[in-house]
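The sequence lines fix the lettering, A, B, ..., with proteins before strands; numbering per chain opens at 1.
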Amino acid sequence: MIETRGFRILRVFGLAFITLIIVLPLYVVLTTSIKPLKDVRGAFEWIPSEITLAPYLDIWTTVPLGKYFANSLIVTISATILSVSIAILAAYALSRFDFRGARSFRLIVLSTQMFPGILFLLPLFLIFTQLERAVGLQLNGTYLGLIVTYMTFSLPFSIWMLTGFFAAMPKELEEAAMVDGLGRLGALLKVVLPVARPGIIAVSVYCFITSWSEVLFASVLTNSDTRTLSIGLQAYASQTDVYWNQMMAASVVVSIPVLVGFLFAQRHLVAGLSSGAVK
Amino acid sequence: MSAPAQTPPRISEPLKPRDASRAIKRSSIKRDRFFPYALSAPAAFLELLIHIIPMLLGVWIAFLSLTQFSIANWVKAPFVGLQNFTTALDPNGPIGSQFFDALGRTFLFTFLVVAIAWSLGIFAAVLLASKFRSNGFFRTLFLVPYALPSYVTTIAWAFMFNQRDGMVNRFLVEDLGILEEGPFWLLGGNSFFVMVVVAVWQFWPFAFLMLLAALQSIPNEVYEAASLDGASLWKQFTRITLPMIKHANVVLLLMLGLWVFNQFDIPYLLFGPVSPEEATLISPLIYQQSFNNWNFGVGGALSVVLLIALLIVSAFYIRLVMPKGKSIDD
């Protein structure tokens, strides 16, 4: 747009308005997390009567936050590593080879992304129960069940995004490597992956964020031992007597990993997310 | 199968680099045929195990009588034909009427959230499309709601909309004084409104992100020419900006629409497993039928209806992102 004076004025007010909408809830979360308990027992106050960091310490004993945190980390990191590795292989195949079934494979990957989790939840739960009965493999209530589910659910997007990244890289890169005596797999591992690192980081952050925030499957596939942060905090927040200052402190703590990851990979993630729509 | 006969390179000629690379390619032809399959096998296996088979099983259980008693050994649950569908889709029955109400409500919810999120997104994207100081700061700030875990922000909203001592009622009653007494936001008809607010807050940054990328692909010369011709800002927006981002818009609206339509997290986190009647959407209704009323067969039937509807939509979607005979990345 051409910047006229009117546009500049509009921009100042517009940005102020949107900033207010975004910042207001964040302000409430942050200020509540440093309030003493008596401040959250009565009506809401905009400004804390005193500032205390006690909620950030107390929350770890009020709810088993450490356990939830560990559970979320185990599930999320495993799912991310596995999902990204598998996506790299599939995306490489799709971007470099013309093979029979490639199109249907791509179609299935793309279309499963469209369906809501609720369609898969009950059947998956039933398959998991049956596997336990038949072969004794416990998937309901274990890390494994959740990891397998999460890695599959972030696959479609990861494959889609990485296919784009690989396709944009010149083929000569691997051809040269193969002349140098590296095999196909060697060329992928030693030449393609280092070049595609920004894409791989972006996809990893995406997988991490989606798994870290997942609610639906965690609500059915976890038990009291394997509960992740989302379900643990939801259960606490829906009790009748909630220490809201501690709850908000917990919210801040669990947001840090994803927020840092997002800011870190923002540029790549933004490019990857929007590439499908813009072209 | 015999390999096609190849003429060996004559010894008198030295091997040029190009020939060398060709020779390598030829020697790896046989391996290449299986290589892409080997690479895609893990992904295909997972897709099959976690997506395809459950989807087919989901259709199958819609024809079973599946309750908390038969669930443990569901393989032996009795086949009841279309009974679950007649229960689920009977507009006069308790579940059927709930289903059709929820369907209409979910459409309204989707329309409102997408419309508001898109408007906010395009507004912010237009403001930030050109470069100026602190531009990067606002871009990052506007993406924060999208990066935060949805359970964190939704629980925070539930805290703010608390009737007795929430921020919203304090603001409306004490600070502005426009209400005598703070209403209950998470019960009754208001709960639908709260759900819209929370969803818009969480989803609009995604619209902003996509639209900003689309706007940046429009060359500035177009606007320069238009403003020389005396076109107003509004005219430039409706005559240049909107037509030029049409493709991005179609994809964005469809993605966002499906996302909002399938929404489960926000109502679950705001209201718990059972939403207020006035705010029950499709996904939570299926969840409720299955895991709270233990009526898995009916939940399955509702899922199948939803699946068919979404299949139609996604066929349309795939046509858009994957034009005939082309790969998705070109």
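Within the 4.5 angstrom heavy-atom criterion, no atom of B:Trp60 approaches chain A. Looking at B:Thr140, the atoms closer than 4.5 Å to chain A (heavy atoms on both sides) sit in the backbone and in the side chain alike. Interface residue A:Arg133: only side-chain heavy atoms are found under 4.5 Å from chain B. With a 4.5 Å cut-off on non-hydrogen atoms, A:Val205 does not touch chain B at all. The part of B:Phe132 that comes within reach of chain A is its side chain, from C-beta onward, which places non-hydrogen atoms under 4.5 angstrom from that chain. For a residue to count as touching a neighbouring chain, one of its non-hydrogen atoms must lie under 4.5 Å from one of that chain's; by this rule B:Phe264 touches chain A with the side chain only. Both the backbone and the side chain of A:Thr19 have a heavy atom closer than 4.5 Å to some heavy atom of chain B. Proximity to chain B (any heavy atom under 4.5 Å) is restricted, for A:Ile209, to the side chain, taken from C-beta onward. Contact annotation for A:Leu155: only side-chain heavy atoms (C-beta onward) come within less than 4.5 Å of a heavy atom of chain B. Contact of B:Pro42 with chain A is made through backbone and side chain together, with heavy-atom distances under 4.5 Å. For chain A, the nearby parts of B:Leu143 are the backbone and the side chain; heavy atoms of each come within less than 4.5 Å. Of the atoms belonging to B:Ile61, it is side-chain heavy atoms, and not backbone ones, that fall under 4.5 Å from chain A. Looking at B:Met167, the atoms closer than 4.5 Å to chain A (heavy atoms on both sides) sit in the backbone and in the side chain alike. Heavy atoms of A:Ile88 lying under 4.5 Å from chain B are absent altogether. Both the backbone and the side chain of A:Phe99 come within less than 4.5 Å of a heavy atom of chain B. Heavy atoms of B:Leu307 lying under 4.5 Å from chain A belong to its backbone as well as its side chain. Using a 4.5 Å cut-off between heavy atoms, A:Ser238 makes no contact with chain B at all. Only the side chain of B:Ile52 comes within less than 4.5 Å of a heavy atom in chain A; its backbone stays farther off. Of the two parts of B:Trp204, only the side chain, counted from C-beta on, holds a non-hydrogen atom closer than 4.5 Å to a non-hydrogen atom of chain A. Of the atoms belonging to A:Glu45, heavy atoms from both backbone and side chain fall under 4.5 Å from chain B. Contacts of B:Leu56 with chain A are absent, with no heavy-atom separation under 4.5 Å from either backbone or side chain.
Between B:Phe291 and B:Tyr287, the angle of the ring planes lies from 30° to 60°, which puts this pair in the tilted group. A tilted orientation is assigned to the rings of A:Phe217 and A:Phe153, their planes being inclined by 30° to 60°. By the 30° and 60° cut-offs, the orientation of the rings of A:Tyr206 relative to A:Phe157 is tilted. Between B:His51 and A:Phe120, the ring planes are tilted. Angles from 30° to 60° get that label.
Among the candidates A:Leu124, A:Val258, A:Thr129, A:Leu15, the residue making the largest number of heavy-atom pairs closer than 4.5 Å to chain B is A:Leu15. Heavy-atom pairs under 4.5 Å with chain B peak, among A:Ala237, A:Ser83, A:Gly42, at A:Gly42.
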Practice task
Mind running side chain to side chain contact (heavy atoms under 4.5 Å, CB included) on A:Ser33 and A:Ser251 for me, showing each step along the way?
Solution key: CA-CA 9 Å; A:Ser33 76; A:Ser251 298; over 6 Å; no
Practice task
Begin with the C-alpha distance, continue with both residues' side-chain angles, and end with the deciding distance and a verdict on side-chain hydrogen bond (donor to acceptor under 3.5 Å, both in side chains) for B:Tyr223 and B:Thr241.
Solution key: CA-CA 9 Å; B:Tyr223 292 116; B:Thr241 311; 2.8 Å; yes
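By the ring-ring contact (aromatic ring centres under 6.0 Å, His included) test, A:Phe166 is found to be paired with A:Tyr92, residues two or more places apart in sequence or in another chain being considered.
For B:Phe138, the CZ atom sits in a packed shell: over 12 heavy atoms of surrounding residues, nucleotides or ligands are nearer than 6.0 Å. Environment of OH in A:Tyr27: crowded, with over 12 heavy atoms of neighbouring residues, nucleotides or ligands closer than 6.0 Å.
Relative to the ring axis of B:Tyr37, A:Arg100 does not place its NZ or CZ within 45° and under 6.0 Å from the centre.
Between B:Asp175 and B:Arg170 a salt bridge is recorded (basic side-chain N to carboxylate O distance below 4.0 Å).
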